Amino acid sequence: MFRSVPANANFPQLELEILEFWKEHKIYEQSLERRAGRDKFVFYEGPPTANGMPHPGHCLTRAIKDLFPRYRTMRGYYCERKGGWDTHGLPVEVEVCKELGIHSKEEIEQYGVEPFIQKCQQSVWRYMQEWERLTERLGFWIHLDEAYVTYHQSYVESVWWSLKNLFDRDLLYQGHKIVWWWAQGGTALSAGEVGQGYREVADPSVYVKFPLLDEAGEKTGTSLLVWTTTPWTLPSNQFAAVHPELTYATVVDVESGEKLILAEDLVETVGQKAKRELTIESTCKGSALLGKRYVPPFDYYYKAEGDRRGKLNGGGEQHVAWRIVAADFVTIDSGSGVVHQAPAFGEVDYDVLVAEQSRFSDGEGPELINAVGPDGKFTSEAPDYEGRWVKEADKDITRELRERGILFHLDQYLHEYPFCWRAEEDPLIQYPRRSWFIRTTLFKDRMLENNSKINWLPEHIKDGRFGNFLEANVDWALSRERYWGTPLPIWVCDKTGKMEAIDQYDELLAKPGVTGTEVWAEAKKQRPDLPDDLRVHKPYIDAITYNSPFESGGRMTRVPEVIDCWYDSGAMPFAQWGYPHQGRKEFESQFPADFISEAIDQTRGWFYSQLAISTLLFGDEVEAEEGAYREFPHPFRNCIVLGLMLGEDGQKMSKSKRNYREPNEIFDKFGADALRWYFFANQPPWTSIRYSEPAIKDSIPEFLLRLWNVYSFFVIYANIDGFDPVGQAVPDGKSADVRHSLTYDDFANSKGHRPAAQRGELDRWVLSELNRTIAAVVERMDAYDNYGACQKINDFVDGLSNWYVRRSRDRFWASDKTSPEKLDAYWTLYECLLSTSKLVAPFVPFLSETLWQNLAGVFGDSALQSVHLCDYPASDTSAIDATLSERMRLLREIASLGRSARMNAKLKVRQPLAKVEVILADSAHQAWLEEHDDLLRDELNVKKIEYTKDAETYIEYQVQPNFKRVGPRVGKLMPAVKKALTSADGGELLKQLTANGKVVLQIGGETIEFDDEDLQVRLQAKAGWAAAQGPTTVVVLSIELTDELLREGHARDINRQIQDRRKQLDCAFTDRIEVGIVTDSEELRRAIEENAEYIKGETLADSIVFEALAGVEPLECEVAGHKVLIYIRVIR
RNA sequence: GGGCGUGUAGCUCAGUUGGUUAGAGCGCGUCGCUGAUAACGACGAGGUCCCAGAUUCGACUUCUGGCACGCCCA
């Protein structure tokens, strides 16, 4: 006996039971053990940060991450799933600062770096429990207790190894990075923080004259007209930039006679602004101006360096600065088309400097000029303004320019400018900071090559967002002037400035003359519970110094920076194993990944950091560890890039807007399977989806409940009829302790089990559909297309429920429990359900497990304990019958048309009809349909189905060209062809076609032949018939009703009333009853008498009498316009 | 301002290499079924496939240019 199935399934409750079962029997662990030694399917977990609450978007990521490993495991692969946590970085520091009520780095230093990072380490686990709970509840199988953690010593040392590798290969260097700088707080702000602080302000907009020099260095009398909104950057000017493709005009200021150069398109605008009359004297391309020198507005640097020339790489010399250079970012949207360049205070300006530097030989090019200190005040290099806050100095600088006669025009400019988000009055400035970089640009081509080998889903990521990002690669700014992060493992000699990288803590301790280890020892003494991993972090690591190998008496001290936490996560493919200090074997066997998935916001994050690090470390034929060079792609082969999940209102999910529900709420209300199915089955994973509770809820009736109902139906009747699949189910020769996946073969010797070929058409049809579905699902899932796979599954379950079960009900209800047809029905449905539960297991692991446990449970220890231990179903191609499939489709179409026609004629299905006539455009399957019309007769409740030959009575033929075939052949004649065919007599054309095998028409002066396949025939029902038409089929109802048919209809009405009453009385499915009917209508009485056997059979009535039954409450109802009293007594 | 993506029914979304009746679910309407039953099914209404051009015999589909929204970056 199967366990009886609750009528109303409580999915969330069932899921909790399954979770318990999995835990108790270690099903996940077993599923891995069963695949030990098999081919590997490698999965990488992109580490989430556990210091924020998980939201539904995280469910999506985790669901996809679960789906494919589960699928592959069932397909026979060994798929380890090691968890991981991202723990470093600014967000963690910000959280701790919030908690402490402090902001600036100064305040952190005051509070103490040591307690601060201790707090960071604890904060990282704040929402750990919620994350673990979500992971488990969603059914995401992953080893959380063996998760890698980015702050662990082994992980840090692994990252150190990779950095040492880069350092030793001269791929790590120090340079400047222009950052958004909060001068008052002495700290750089992250992009996110800067983004929060934009607001509209009015800044000065100044047009300044830069006098041009000739070859000899003499003033030419012409000036560049240069525009800027930050006058305070003018003392640090190094270049003036023009766009090489723009046209520039030399104009004469009519009033003063001065000559100026500016973009031609801006002459009028600038003239109007300054209220000057400017007449154009000549024009030239920007490219013609390149290299010309000018006198900058301030001579703080120019005085000494103005005449300096440097050697160019290609030979020759050039002045290092104060000349015109080309830049693509120059526009004519505002200003003068000539842009002042102060590389210290603008990222694009800085890039111009770097480009210039690269043209000169080493040490010969321009140095960065910076007259401003980190406090935002002018330094002694600009003595006139020394000590003044730059923004405040703008006015005086402008005044000085005016006094010196080089200010052409001044006005106000409204624009968006960033301010500090925690000190609203403080404007941010762009400012250069010493920073460490990785020379990723050297590897651009290698990274692109690597990228080209990756299978991106969707495909456009490869050459789109990700490819473009790689094309525009700049060196990776690695260092951060922060506290909680992987320390940059570089020690500097205080005598020589020479450096070395260290990749292991023990190696550091073994250095000669090492001191400073007591700082950690002391801390550990004070707080023995401190995790040892902290010793490789600030401030402890900073305390450790040792004797310089470069010069005696020198000491080696670590540089102060920590690294970008994206580097941490990108190092995960090897660092998760502590490679190469340990875990070599694991790394070798788990690299590269077959599959990763994250949302699209990781393009520049984890996707890039992994690819870059891997390409640099393992992608070039470097002299390195054994076999460092690897074929691309690595470190991942397939990557599903998920869309972002938006809130209910289509906006970004936000806690404060409350535009989404907590994941737990969804689990409690609808269950994890509903959520998972919603994710997998409703759209390709890369489309961004809007969080929608109704849509999640819909998964239940749409899919889960439909499958559940079939399952429930099966269990109810299998138990009633005592259907027992066990018998000799386990084939001889197989050891009793082998547990089975229960495939078709396992039943071959069972009682009442017939080979599919011997079963009826409907059974063979559904088995054919099943195997087609299996093949399609496997094909889709191997291509990482969960959406396509779900559609196939959904179609199958729909067919199983709404056609197979519906049309097989009679067989399940048949009284002869041993008839082969009845047993066929049970076996077929049983096999379908078992296969389906395996098929859907990766998608809805809970529901499938529930089904499996009950359906396979009757086998006890002969069957596998969990569906997740089974092999994924394999398609039996011999069971697939494409012709049958097509025929059944046609049959269903006819049934549908029949219902449609009934609807139009307002003839309910309970009323039997004498006949329908079916007209087929193509008679290929007619004979088969005729043989199987019992199904149709029953479905449509008609006595007879005829396939009409002489169709012209009911319909007209409309002939259309097969555009795909005929189009290319006739080209421009197509409209004429269409017209000729549709306006011709369709019947006539068809007769020609049948007689000659072709139709020949004169169209547009040409003779055109059409064969069978060139023409498409549509049927059109003529008016006046109760008919419905499909593209190739028409169904016509015969609507004359005889008295006999009417009485049969009445009997059916009575039947339905009795069934209704049974339900009200809460009858068991097998309860037998006595029926009494009281009515005045002779007609009804006759209807019942004539159909008594039918009613008795349907309603399990032992007797029907025409009188009241004593002691029974009657049901009063109306049938065919007559009042009827129905008495029902249950026989107990 | 740049890159990428999206725009299809009231809502949420599909739409395979261009082929002439553009689909699903929900919602709505009408009806049916009643031994899966607090389920289920059928049928129907509902569309300027964002707009404008171009290519083509033919464009939701390809191209160009707009518009709107989203993401990433300036």
Side-chain angles (χ1 to χ4, degrees), chain A residues 5 7-8 191 194-195 328-329 331 333 347-348 458 460-461 463-469 471-472 599-605 643-644 646 650-652 678 681-684 686-690 692 694-695 697-699 701-703 705-706 708-717 720 787-788 791 794-795 798 801-802 805-806 809 812-813 895-904 906-910 960-978 982 1016 1018 1028-1031 1052 1055-1060 1062-1063 1067-1071 1098-1100:
Chain A
V5 174
N8 44 348
V194 176
D328 289 340
F329 56 79
T331 68
D333 293 344
E347 209 175 334
V348 288
H460 61 73
I461 298 287
D463 296 321
R465 194 177 279 220
F466 196 74
N468 289 344
F469 177 61
E471 288 284 357
I600 192 164
D601 55 353
Q602 295 295 332
T603 311
R604 285 149 194 259
L644 287 173
L646 305 174
Q651 309 282 92
K652 217 172 180 171
Y678 162 67
N682 278 288
Q683 60 281 309
W686 45 83
T687 47
S688 64
I689 50 175
R690 194 181 284 201
S692 158
K697 192 182 171 186
D698 279 348
S699 312
E702 283 290 311
F703 180 70
L705 202 54
R706 186 179 285 160
W708 182 266
N709 282 335
V710 177
Y711 158 68
S712 157
F713 176 91
F714 170 81
V715 170
I716 289 170
Y717 293 104
I720 288 174
Y787 176 63
Q791 284 182 318
N794 199 41
D795 288 349
D798 183 62
S801 170
N802 288 327
V805 171
R806 201 152 71 100
R809 281 196 274 211
F812 289 104
W813 302 335
S896 173
L897 290 171
R899 282 190 297 265
S900 178
R902 266 186 181 272
M903 193 73 152
N904 296 335
K906 299 218 179 301
L907 286 164
K908 57 187 176 185
V909 180
R910 263 203 305 274
Q960 283 217 329
N962 177 345
F963 287 90
K964 210 166 182 170
R965 255 175 85 89
V966 180
R969 208 163 72 216
V970 306
K972 285 191 191 230
L973 279 176
M974 206 59 203
V977 169
K978 183 182 175 186
T982 46
Q1016 288 170 332
R1018 288 232 168 84
Q1029 67 203 20
R1052 283 190 159 226
N1055 182 62
R1056 167 177 156 30
Q1057 295 294 347
I1058 296 173
Q1059 297 288 29
D1060 214 31
R1062 277 185 67 110
K1063 189 177 134 201
C1067 286
F1069 298 136
T1070 47
D1071 284 345
E1098 289 291 308
T1099 62
L1100 301 190

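Note on naming: letters A, B, ... go to the chains in the order of the sequence lines (proteins, then strands), and numbering restarts at 1 for each one. Source: prediction; values computed, not measured.
Residues forming a salt bridge (Lys or Arg N to Asp or Glu O under 4.0 Å) with A:R969 (at least two apart in sequence, or on another chain): A:D1014. For A:R1052, the side chain to side chain contact (heavy atoms under 4.5 Å, CB included) test picks out A:R910, A:N941, A:Y1094, with sequence neighbours left out. Every residue was checked against the salt bridge (Lys or Arg N to Asp or Glu O under 4.0 Å) condition with A:D601, not counting sequence neighbours, and none meets it. A:D463 is linked by a salt bridge (Lys or Arg N to Asp or Glu O under 4.0 Å) to nothing, counting only residues two or more places apart in sequence or in another chain. Residues that satisfy the side-chain hydrogen bond (donor to acceptor under 3.5 Å, both in side chains) test with A:Y678, not counting sequence neighbours, are absent from this structure. Considering only residues two or more places apart in sequence or on other chains, A:E347 meets the side-chain hydrogen bond (donor to acceptor under 3.5 Å, both in side chains) condition with none of them. A:R899 is linked by a side-chain hydrogen bond (donor to acceptor under 3.5 Å, both in side chains) to A:E939, counting only residues two or more places apart in sequence or in another chain. Residues satisfying the side chain to side chain contact (heavy atoms under 4.5 Å, CB included) test with A:R465, not counting sequence neighbours, are A:I600, A:T603. In this structure, the side chain to side chain contact (heavy atoms under 4.5 Å, CB included) partners of A:Q791, at least two apart in sequence or on a different chain, are A:Y787.
Comparing B:C26, B:U20, B:G3 by their closest approach to the side chain of A:D698 singles out B:C26.
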message: One character per nucleotide, please: for nucleotides 58-72 of chain B, 5' to 3', B when the base has a protein heavy atom closer than 4.0 Å, S when only the sugar-phosphate does, - otherwise.
response: ------------BBS

query: Can you give one letter per nucleotide of nucleotides 14-19 of chain B, 5' to 3': B if a protein heavy atom sits under 4.0 Å from the base, S if only from the sugar-phosphate, - if neither?
result: S--B-B

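Among the protein residues, A:V710 comes within range of the nucleic acid bases, having at least one heavy atom under 4.0 Å from a base atom. Contacts of A:R809 with the nucleic acid, taken as non-hydrogen atoms under 4.0 Å apart, include base atoms. Contact annotation for A:V805: base contact, defined as any heavy-atom pair under 4.0 Å involving a base atom. Residue A:P694 is out of contact with every strand shown, counting any heavy-atom pair closer than 4.0 Å.
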Pairs under 3.5 angstrom, nitrogen or oxygen only, protein versus nucleotides 39-47 of chain B, please.
residue: B:A39; atom: O2'; partner: A:N709; partner atom: ND2; Å: 3.1
residue: B:G41; atom: OP1; partner: A:R706; partner atom: NH2; Å: 3.4
residue: B:G41; atom: OP1; partner: A:N802; partner atom: ND2; Å: 3.2
residue: B:C43; atom: OP1; partner: A:S896; partner atom: OG; Å: 2.4

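Residue A:Q1016 is the one, among A:Q1016 and A:R910, whose nearest nucleotide of RNA chain B lies closer to the 5' end (criterion: closest heavy atom).
Here the separation of B:U64 from B:G2, taken at their P atoms, is 16 Å to the nearest Å. Remark: the separation of the C1' atoms in B:A22 and B:U61 is 11 Å, to the nearest Å.
Taking atom CG on A:D463 and atom C1' on B:G3, their separation rounds to 14 Å, with Å as the unit.
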